[in-house]
Amino acid sequence: MPETHDPPTTLLADGGEGHGDPPAAPPGERHGRARRGSRPRRSFSERYAHYFFLAPWFAGLFLITLGPLLASVYLSFTKYNLINAPEWTGLENYRRMFGDARFYHALKVTFIYVGVSVPLQLALALALAVVLDRGIRGLALYRSVYYLPSLLGASVAVAVLWRQMFGTDGLVNGLLGHVGLHDLPGWVSDPRFALGSLIVLNVWTFGAPMVIFLAGLRQIPRTYYEAAALDGAGRIRRFTRITLPLLSPIVFFNLVLQLIHAFQSFTQAFIVSGGEGGPADSTLFYTLYIYQKGFGSFDMGYAAALAWVLVLIVAALTAINFFASKFWVFYGDE
């Protein structure tokens with residue numbers, strides 16, 4: 001009977017061939033596969049640390065933003081006086097607006113304020129940005145000084161100061177008296193001029209759009225102006241043919257931001273009019289009317305409905321601006 005020879009155990013242990021077994025991979029390749037196939041185990045803190053750092057943001061989103069937002073949607077369909085439980089009334093608050101004369105007056109005052117102050121503010125900001133872009137000495141100082149009103153314009157202190165300046169015996173009438181103008185009215189106490197004084201205050205806060213305009217002007221290549229000057233184009237033609245088209249995305253950006261900001265104006269009218277929107281409702285901003293209904297008359301359901309109408313108005317105007325922008329905003333790749 002023939003002898004059978006078993007394969008050497010040492011050869012099989014070393015990964016050699018025997019009884020049809022596949023050839024073993026070289027040692028280096030085996031180690032490489034082991035490194036690629038295995039992942040280092042991360043600790044608990046490494047796996048969940050990012051959730052810890054995001055927790056304050058999520059808390060603010062749900063507790064300060066999203067929660068009150070959804071609650072106001074519900075309250076806009078209820079009768080709620082901040083004391084008793086909300087009572088569902090459906091669309092009654094929204095139907096009530098159609099017969100509310102002060103609602104229409106607040107809309108009128110707000111649209112006049114936004115429609116006059118925002119274009120004037122942007123025009124002044126652009127004009128000063130063009131002047132500062134010429135490279136005057138002390139540019140950083142001028143930029144800081146001009147930006148300061150944007151930081152202070154919405155504050156209570158500036159609103160109080162504005163009321164004193166435009167009062168009957170204020171600084172404005174005092175200066176006008178030195179040039180021979182006497183018997184002047186109190187600008188903030190006269191229904192003809194009270195809203196105008198608030199428009200001037202909003203125009204005065206031109207610093208933020210001015211800084212953005214200045215940054216945009218710095219991005220326009222000077223070679224365009226040099227080529228236009230060689231062709232005989234004057235300053236006005238260079239401004240209308242080069243500056244405005246290339247700066248149109250910045251103009252659009254500032255326009256949208258300032259429109260939204262102007263519709264949200266509240267502090268100035270509240271302080272100057274003592275919270276009443278006077279004189280004769282001439283400074284009754286829409287936001288001030290919401291405040292009066294919600295915290296003055298304790299009609300929080302109606303105030304919530306008014307607030308959502310304002311949201312829809314601002315959203316509609318923003319959408320119109322975005323739609324119209326394709327006709328006058330020009331980007332570099334177009």
Original post:
How far apart are the C-alpha atoms of Tyr302 and Asp100, what are their side-chain angles, what is the distance that settles it, and do they pass the side chain to side chain contact (heavy atoms under 4.5 Å, CB included) test?
Top reply: CA-CA 11 Å; Tyr302 188 53; Asp100 188 352; 2.7 Å; yes
**OP:** List the steps, then state whether side chain to side chain contact (heavy atoms under 4.5 Å, CB included) holds for Thr267 with Ser155.
**Re:** CA-CA 7 Å; Thr267 305; Ser155 66; over 6 Å; no
**OP:** Please step through side chain to side chain contact (heavy atoms under 4.5 Å, CB included) for the pair Tyr104 and Phe98, ending with a clear verdict.
**Re:** CA-CA 8 Å; Tyr104 292 110; Phe98 292 101; 3.8 Å; yes
Original post:
Is there a side chain to side chain contact (heavy atoms under 4.5 Å, CB included) between Phe166 and Ser189 once you walk through the steps?
Top reply: CA-CA 9 Å; Phe166 285 85; Ser189 58; over 6 Å; no
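The CG atom of Leu198 sits 14.0 Å away from the CH2 atom of Trp187 when rounded to the nearest 0.5 Å. Atom-to-atom distance recorded for Trp308:CH2 and Asn93:CG is 14.5 Å, nearest 0.5 angstrom. For the atom pair Leu255 CG and Leu317 CG, the distance stands at 10.0 Å (nearest 0.5 Å). If you take CG on Leu306 and CZ on Arg102, they are separated by 11.0 Å, rounding to the nearest 0.5 Å. Separating the CG atom in Leu288 from the OG atom in Ser273 is a distance of 5.5 Å, to the nearest 0.5 Å. Taking CD1 from Ile271 and CG from Leu201, the interatomic distance works out to 11.5 Å, rounded to the nearest 0.5 Å.
Side-chain contact check for Leu259 versus Thr318: every heavy-atom pair is 4.5 Å or farther apart. Contact check for Thr110 versus Leu284: no side-chain heavy atoms found under the 4.5 Å cut-off. A 4.5 Å side-chain heavy-atom check between Val118 and Leu122 finds at least one atom pair inside the cut-off. You'll find the side chain of Val309 reaches within 4.5 Å of the side chain of Tyr94, heavy atoms only. For the pair Pro86/Leu75, a side-chain contact is recorded, criterion being any heavy-atom separation below 4.5 Å from C-beta on. Side-chain atoms of Ile242 and Arg237, non-hydrogen and from C-beta on, never get closer than 4.5 Å to each other. Annotation: side chain of Thr205 is in contact with side chain of Gln121 (closest heavy-atom distance under 4.5 Å). Annotation: side chain of Phe270 is not in contact with side chain of Thr287 (no heavy-atom distance under 4.5 Å).
When atom types are taken as modelled, the side chain of Gln258 and the backbone of Pro209 share no donor-acceptor pair closer than 3.5 angstrom. Asp133 places no side-chain N or O within donor-acceptor distance of the main-chain N or O of Ala129, the cut-off being under 3.5 Å. Checked by atom type and distance alone, the side chain of Ser117 never pairs as donor or acceptor with a backbone atom of Asn202 at under 3.5 Å. Judged purely by atom type and a 3.5 angstrom limit, Trp162 uses its side chain to pair as donor or acceptor with the backbone of Ser197. The backbone N or O of Leu128 lies less than 3.5 Å from no partner atom in the side chain of Tyr146, so there is not a single donor-acceptor pair. Proximity of a side-chain donor or acceptor of Ser248 to a complementary backbone N or O of Phe330 within less than 3.5 Å is detected. No donor-acceptor pair under 3.5 Å is formed between the side chain of Asn254 and the backbone N or O of Leu257. Put simply, the side chain of Gln292 gets close to the backbone of Gly275: a donor and an acceptor are under 3.5 Å apart. Judged by distance alone, the side chain of Ser150 and the main-chain N or O of Gly207 form a donor-acceptor pair under 3.5 Å. Of the possible donor and acceptor atoms, one in the side chain of Thr283 sits under 3.5 Å from a partner among the backbone N and O of Gly278.
Donor-acceptor pairing under 3.5 Å is lacking for the side chains of Tyr289 and Asp281. When only modelled atom types and interatomic distance are considered, Tyr80 and Asp299 share no side-chain donor-acceptor pair under 3.5 Å. For the 3.5 Å distance criterion, the side chains of Thr243 and Tyr225 qualify, holding a donor opposite an acceptor.
With a 6.0 Å radius and a threshold of 12 heavy atoms from other residues, nucleotides or ligands, Ile236 has its CD1 atom at or below the threshold. When the shell of 6.0 Å around OH of Tyr224 is examined, it contains 12 or fewer heavy atoms from other residues, nucleotides or ligands. When the shell of 6.0 Å around CZ of Phe295 is examined, it contains 12 or fewer heavy atoms from other residues, nucleotides or ligands. Sparse packing is recorded around CZ of Arg241, with 12 or fewer heavy atoms of other residues, nucleotides or ligands lying under 6.0 Å away. Open room surrounds CZ on Arg235; 12 or fewer heavy atoms of other groups in view lie less than 6.0 Å from it.
Under a hydrophobic clustering in which Ile, Leu, Val, Met, Phe, Trp and Tyr are joined whenever their side-chain heavy atoms come within less than 4.5 Å, directly or via other members, Phe322 and Tyr331 fall into the same cluster. In the hydrophobic clustering of this structure, Val131 does not group with Leu244; members are Ile, Leu, Val, Met, Phe, Trp, Tyr whose side-chain heavy atoms approach within less than 4.5 Å, directly or through other members. By the criterion of side-chain heavy atoms lying less than 4.5 angstrom apart, applied directly or through intervening Ile, Leu, Val, Met, Phe, Trp or Tyr residues, Leu175 is grouped together with Leu184 in one hydrophobic cluster. The hydrophobic clustering, which links ILVMFWY residues whose side-chain heavy atoms are closer than 4.5 Å, places Val145 and Leu126 apart. Linking Ile, Leu, Val, Met, Phe, Trp and Tyr residues whenever their side-chain heavy atoms come within less than 4.5 Å leaves Val73 and Ile64 in two separate clusters.
With sequence neighbours excluded, the residues satisfying salt bridge (Lys or Arg N to Asp or Glu O under 4.0 Å) with Arg192 are Asp190.
Taking a cutoff of 4.0 Å between a charged side-chain nitrogen and a carboxylate oxygen, Arg163 and Asp169 do not qualify as a salt bridge. Residues Asp231 and Arg238 are not paired through a salt bridge, judged by the lack of any N-O separation under 4.0 Å between the basic side chain and the carboxylate.
Nearest heavy-atom pair, Pro279 versus Ala194, reported as atom, atom and distance to 0.1 Å: CD-CB, 3.8 Å. Of all non-hydrogen atoms in Ser282 and Val109, the two that sit nearest each other are O-CG1, 3.6 Å. Between Ala280 and His105 the shortest heavy-atom distance is O-NE2, 4.3 Å. Here the closest non-hydrogen pair linking Trp328 and Ala324 is CD1-O, 3.0 Å. Here the closest heavy-atom approach between residue Phe206 and residue Ala125 is recorded as O-CB, 3.7 Å.
Aromatic ring orientation, Phe327 versus Phe323: perpendicular (interplanar angle above 60°, classes split at 30° and 60°). Taking the six-membered ring where tryptophan is involved, the planes of Phe111 and Phe263 are perpendicular, since the angle between them exceeds 60° and thus also 30°. In this pair, Phe77 and Trp88 present their aromatic rings parallel. The plane angle is below 30°, not in the 30 to 60° band. Taking the six-membered ring where the residue is Trp, Phe285 and Tyr113 present tilted rings, their angle falling between 30° and 60°.
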